[in-house]
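Quantities reported herein were computed from a predicted structural model and do not represent experimental measurements.
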Amino acid sequence: MSQYDLSRPVVARVREAADIIAVVSEVLPLKRAGRNHLGLCPFHGEKTPSFSVSREKGTYYCFGCKRGGDVIDFVME
């Protein structure tokens with residue numbers, strides 16, 4: 001049994017509190033493109049940015065390798 005409270009409400013609060021742009025920017029440079037931020041996908045090699053991060057939705061998605069998720073998923077990857 002873990003000493004930490006990892007119940008759904010706690011995980012939801014962490015997800016809401018974390019700034020996905022700040023977290024992803026620690027791993028790769030992002031450039032603003034309209035509402036979203038774009039960068040080179042950290043999960044596969046590419047020359048043209050296809051990795052999109054949305055602060056509004058709190059999600060990321062790569063149009064190249066089709067990986068996506070929220071800030072917790074990104075950290076876990």
Note to self: Is there a side chain to side chain contact (heavy atoms under 4.5 Å, CB included) between F51 and V53? Walk through the geometry before answering.
What the structure shows: CA-CA 7 Å; F51 189 80; V53 183; 3.6 Å; yes
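- E77 pairs by the side chain to side chain donor-acceptor pair (under 3.5 Å) definition with R67, not counting sequence neighbours.
- Counting all heavy atoms, side chain and backbone alike, G64 lies closest to S50 at N-OG, 3.6 Å.
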Taking only distance into account, with no hydrogens and no angle test, what donor-acceptor pairs under 3.5 Å do side-chain atoms of residues 17-43 form with protein atoms, sequence neighbours excluded?
| residue | atom | partner | partner atom | Å |
| --- | --- | --- | --- | --- |
| D19 | OD1 | I21 | N | 3.2 |
| D19 | OD1 | R55 | NE | 3.2 |
| D19 | OD1 | R55 | NH2 | 3.4 |
| D19 | OD2 | R55 | NH2 | 3.2 |
| S25 | OG | I21 | O | 2.7 |
| R32 | NE | G34 | O | 3.1 |
| R32 | NH2 | G34 | O | 3.4 |

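- The shortest side-chain heavy-atom distance between D73 and Y60 falls under the 4.5 Å cut-off.
- Counting only heavy atoms from C-beta outward, the side chains of V11 and R8 never approach each other to under 4.5 Å.
- Using a 4.5 Å cut-off between side-chain heavy atoms of Ile, Leu, Val, Met, Phe, Trp and Tyr, F63 falls into a hydrophobic cluster with Y61.
- No path of Ile, Leu, Val, Met, Phe, Trp and Tyr side chains, each step under 4.5 Å between heavy atoms, connects V10 with M76, placing them in separate hydrophobic clusters.
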